[in-house]
Structure formats: structure tokens, C-alpha cells
Protein chains: 2
Amino acid sequence: MHSYTEENYLKAIFNLSAEKGEVSANEISVQLKLKMPTVNSMMKKLAVKKLVHYESYKPIKLTEKGKKEASLIIRKHRLTEMFLVQKMGFGWEEVHEIAEQIEHLQSPIFFERIDALLGYPKIDPHGSPIPDKTGKMEWIKYEKLSSCKAGDTVRLAAVIHTTDEFLKFLNIRGLQLGLKIKIKFVEKFDSSMIVSYNKSNTEMLSETECERLLVEKI
Amino acid sequence: MHSYTEENYLKAIFNLSAEKGEVSANEISVQLKLKMPTVNSMMKKLAVKKLVHYESYKPIKLTEKGKKEASLIIRKHRLTEMFLVQKMGFGWEEVHEIAEQIEHLQSPIFFERIDALLGYPKIDPHGSPIPDKTGKMEWIKYEKLSSCKAGDTVRLAAVIHTTDEFLKFLNIRGLQLGLKIKIKFVEKFDSSMIVSYNKSNTEMLSETECERLLVEKI
DNA sequence: GATTTATGTTAGATTTGTCTAAGTTATAAT
DNA sequence: ATTATAACTTAGACAAATCTAACATAAATC
Ligand SMILES: [Mn+2]
Ligand SMILES: [Mn+2]
Ligand SMILES: [Mn+2]
Ligand SMILES: [Mn+2]
């Protein structure tokens, strides 16, 4: 259907425009490590295919069709990550690069089987929702750890803006999804937090770190 | 390292030249469904990369380097097929197309893990040997069922020239690797065989079918 | 408001992998 | 030995995805 390359553009646009609903050509070029004119000509091509709305000098938006296509690739990506962690024993910091390749496989039965073997999971190993077969996806309304107060007890529900390094950082501290965390103290000057979990562990987390951890209050 | 396209050429050349040690440009073009000039220019390119020996109007041979590269791709292909069958519940007739894509993934840890989870298998689901990490592969010296005589009892060891259709044909008859087969009768005119197995089953197999079944005598 | 800077566009070149059309060489048939 | 056929090669075109260099527009700064 679409080329490997086009799929990566769709996914990049989808992710970059998640908050604002639109994205600049420049941001796409940074994300995909391509020069601006390359992005520019691809936008024209995707516009012809009715995957993006494109007008000169204006930000780029995905069409409904584009959003659906992107979601279905993200579905394959996240199902793959879950399979790699749950069924193949990889760490959550190892799976993104592999999924980045497997997401482009053309084989409905392969992803059907993964889905079934996993018991039709709703989230990936980082807590992100897995779009359904029609491309629909909904984020459960978690809040950022950074927006919680001293005394709150929360459960770690998702990690956003994941990088392998940040995930390794969490590994070292024994921080994993589902963990019950108690906020002991919030430093006023830099908004860093002292948190405790697993009965014994106590750790300091910087504001940037707390911004990337989504939690549910309990 | 090499492109997806180049990898498919290497594999095609390796497989087509397995018996004679060389292959014509025409055979490659048929196998890969490409026109002759396309193959011709790729041969020049692969020759520059020292992956094939190429001289005008002569058959094509892989260099040692080319053989090794091809074997390592075949290794990934066969490990994948074994994983799909053993760990994901696919039938042996479903896995080739998927493996055809996964074999191109660039991720040593992914194939390492598959290998480990399978317990370092020596053969794929069709009985073909899996090359080792250095690209070495050896066929155990099986014989074709077609070369056996009435009265022989054999064990089904491998299926060659597999197609999904032939594998489904074997499925329907309950013929699978490891099965003990007794040759009841060999028809002189067309070399078809009457065989029995699993205590009750009796089937007639044509010569073409018997040519594709490798067995070990017991 | 004018100027500078950042962002976006156009034009043209390049690489990879494919094709068709035309010509060449080798093999098979007469 | 000619001729016909099949296999192979060359030449030139093309689409996809990228780039650089030059130009245009929008935004930010002065
Ligand atoms: Mn990921
Ligand atoms: Mn990708
Ligand atoms: Mn196969
Ligand atoms: Mn392949």
C-alpha cells in the first residue's frame, strides 16, 4: 500500500502533531533527520494521496485517512513491543528499535496472532494505548507525577517521551509500571521530588523526570 | 550493510546455484520476477562489491563473501520460520512469506533471542539445515523417497522445493516430519508409491511428490 | 517600519532499482 | 553451414527518495 518511507512520515506527523493537531515541516525534518526540501516534496506527495492537508507556508495536518493509517502502524508498533517484552523476554528499553522495523511488515495474520497470544492487550510496555483494528485509540486520563503533591500515593501508569536511556534510568531504580509510589517531599525551588516505593527504596526525581511519568492517584 | 533488494538477490543466487554452483541470469530474473537487464545491472553492482563472480555471457557464481552473506540471511529466514511454528503456533505452510520479510531485519539481539528461545535449533520446520553464525551449513545426507524400494521403512526428514500448496497437501494427509513411513508398493510405469503410516493411513504419492520428500532409512 | 533570522519553497542533481527497445552472442535446429 | 531461437548486454528512460544551492515568505528583533 504505502512505502516504508511514507509510513515513517505518517507516524512522525501523527506523533509530532498529537498535542497541537498540526506540525511544522521543520519539526518533521528534525524528527526524521532529513533536509527540509525532502520533507517538502513528500508533503506534496502525501497531499495528493489525501493523507495530509498541505498548503504553502502553513502547518501540516493529517487527514482522517492519514490519521487512520498512522494509527494502524502505531498499533503494529505497540503490539510488537508488547510481544517482545511479554513473550520474548526483552527489556522495555530494548524493544523500540526492533518494533520500528517490524511495524512495517505486511502480514495481517502475523499481527493477529501476536494480538491473540498477548490476550488482546490495551497498552504497550510503556503504558501507551494500543489503537484498535479500526485505528481508534484513547489515552486514559492519567496525570503527570510532576503535578502531584507531597503526601499523595500514586500508581505508575505510563512513561512518556521514552528514550532507552530514561528507561534504563528507571530500571536501575526499580521503577516499573504498576508500582505504588508515595510522594514524601516536593522541593520548592526546582520541583524535584523525594519518593518512596517497594517499602525500602527512596529516590530523588528531577522535574524533567517527573514530567515524563504518568500516574493514577490511589 | 546491503539493501533489502541486494539481500534478495544474494539469497536467490544462493538457492538457484545450490546444485550446480552457478546460475544463469535468466533463472534469477524468473525467480525474482524481474527483467533480464535489471538482473544484469545488479550483477555488475554485486561484482563491484565482490559478492559475485561475473563475466559477460558466463553463468554467475557467488564469491566466498557472497556465499557467507547469503547464508546469514538464510539463517535469519530459517530461525524465523522455526520460531513462527514452534513459538507462535503457525503452520509450516504459513511461515515462508512472513520469514521472507523478517529475514531483512537488522537486529542481532532479535535473532540471538529467537535462537536461544528455540534452544539453538539445527533445522527449520521443513527440515532444512539452519546455517551457524559463521554461515556454515551442512545437509545431512538424506535420500529422496523416490529412490527407495517397496518394503523399505523410512522416517520423513525434510521437504524440499516447498510451496504452500504442497505443504497443505501433506497436511491433509497427516504427513509431517519425523513420521515413520512404510513403502508398500512402487508402480513401475509412473514410479508412484503406495505408502502407509500412523498404523491406519494408506496413501498414493506421485513421483513428483516422492522427489520432494527426503527420508532416512530405518 | 526596517532589518535580521528562521522557516518554507523551487530548481536541479544524484542514487537506487526498475523498465523498454535495440543490438550482440551463444546455442539449437534445419 | 545457415538460420532461427534463446540468452545476454547496452543504451536510455523513469519513479522514488534523497541532497545542495538559491530564492521567497513569515516571524522576531531592533
Ligand atoms: Mn516505541
Ligand atoms: Mn519505522
Ligand atoms: Mn522459507
Ligand atoms: Mn526476502
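In what follows, chains are A, B, ... by sequence order, proteins preceding strands, each numbered from 1.
Across all strands, T5(B) comes closer than 4.0 Å only to sugar-phosphate atoms, never to a base (heavy-atom distances). Within 4.0 Å of S3(B), counting heavy atoms only, lie sugar-phosphate atoms of the nucleic acid but no base atom. Residue Y4(A) is out of contact with every strand shown, counting any heavy-atom pair closer than 4.0 Å.
One finds a salt bridge joining E103(A) and K11(A) here, because a Lys/Arg side-chain nitrogen approaches an Asp/Glu carboxylate oxygen to under 4.0 Å.
Contact between the side-chain N/O atoms of S56(A) and the OP1/OP2 oxygens of dG8(C) is not found at any separation under 4.0 Å. For the OP1/OP2 pair of dT10(C) and a distance below 4.0 Å, the side-chain nitrogens and oxygens of Y57(A) include no atom meeting the criterion. Regarding contacts with the backbone of dA7(D), every side-chain N or O of S24(B) stays at 4.0 angstrom or more from both OP1 and OP2. Between K44(A) and dT10(C), a side-chain N or O to OP1/OP2 separation shorter than 4.0 Å is present. When the side-chain nitrogen and oxygen atoms of Y54(B) are compared with OP1 and OP2 of dC8(D), none of them lie within a distance under 4.0 Å. Taking 4.0 angstrom as the limit, N40(B) places none of its side-chain polar atoms (N or O) nearer than this to OP1 or OP2 of dC8(D).
Side chains of E187(A) and E207(A) form no contact here, defined as non-hydrogen atoms less than 4.5 Å apart.
Side-chain contact annotation: D124(B) with H77(B), donor-acceptor N/O pair under 3.5 Å absent. Side chains of T134(A) and D132(A): a donor on one and an acceptor on the other come within 3.5 Å. For E7(B) and H2(B), the side-chain atoms include no donor-acceptor pair closer than 3.5 Å.
No donor-acceptor pair closer than 3.5 Å links the side chain of S17(B) to the backbone N or O of V23(B).
Protein atom CD of E27(A) is 9 Å distant from nucleotide atom P of dT7(C), rounded to whole Å. When the C1' atom of dT7(C) is taken as reference, atom CD of Q31(A) falls 18 Å away, rounded to whole Å. Computed from coordinates, the E6(B) CD to dT15(C) P distance equals 15 Å when rounded to whole Å. Atom NZ in K35(B) sits roughly 18 Å away from atom C1' in dT10(D) (whole-Å rounding). In this structure, E55(B) atom CD and dA26(C) atom P are separated by 12 Å, rounded to whole Å. Note: CG (L32(B)) to P (dC19(C)) measures 10 Å, nearest angstrom. Rounded to whole Å, atom C1' of dG8(C) lies 12 Å from atom CD1 of I28(A). Rounded to whole Å, atom C1' of dT16(C) lies 15 Å from atom NE2 of H2(B).
Taking the ring axis of F111(A) as reference, the NZ or CZ atom of R75(A) does not stay both within 45° of it and closer than 6.0 Å to the ring centre.
Residues from residues 14-22 of chain B lying near DNA chain C, meaning a heavy-atom separation below 4.0 Å, are absent.
Checking dC19(C), dG8(C), dT20(D) against the side-chain heavy atoms of A25(A) singles out dG8(C) as nearest. With dT7(C), dC19(D), dC19(C) as the candidates, the nucleotide lying closest to the side chain of L34(A) is dC19(D). You'll find that the side chain of N26(B) is closest to dA7(D), out of dA7(D), dT9(D), dT20(C).
Few gaps surround CD on Q106(B); more than 12 heavy atoms of other groups in view lie less than 6.0 Å from it.
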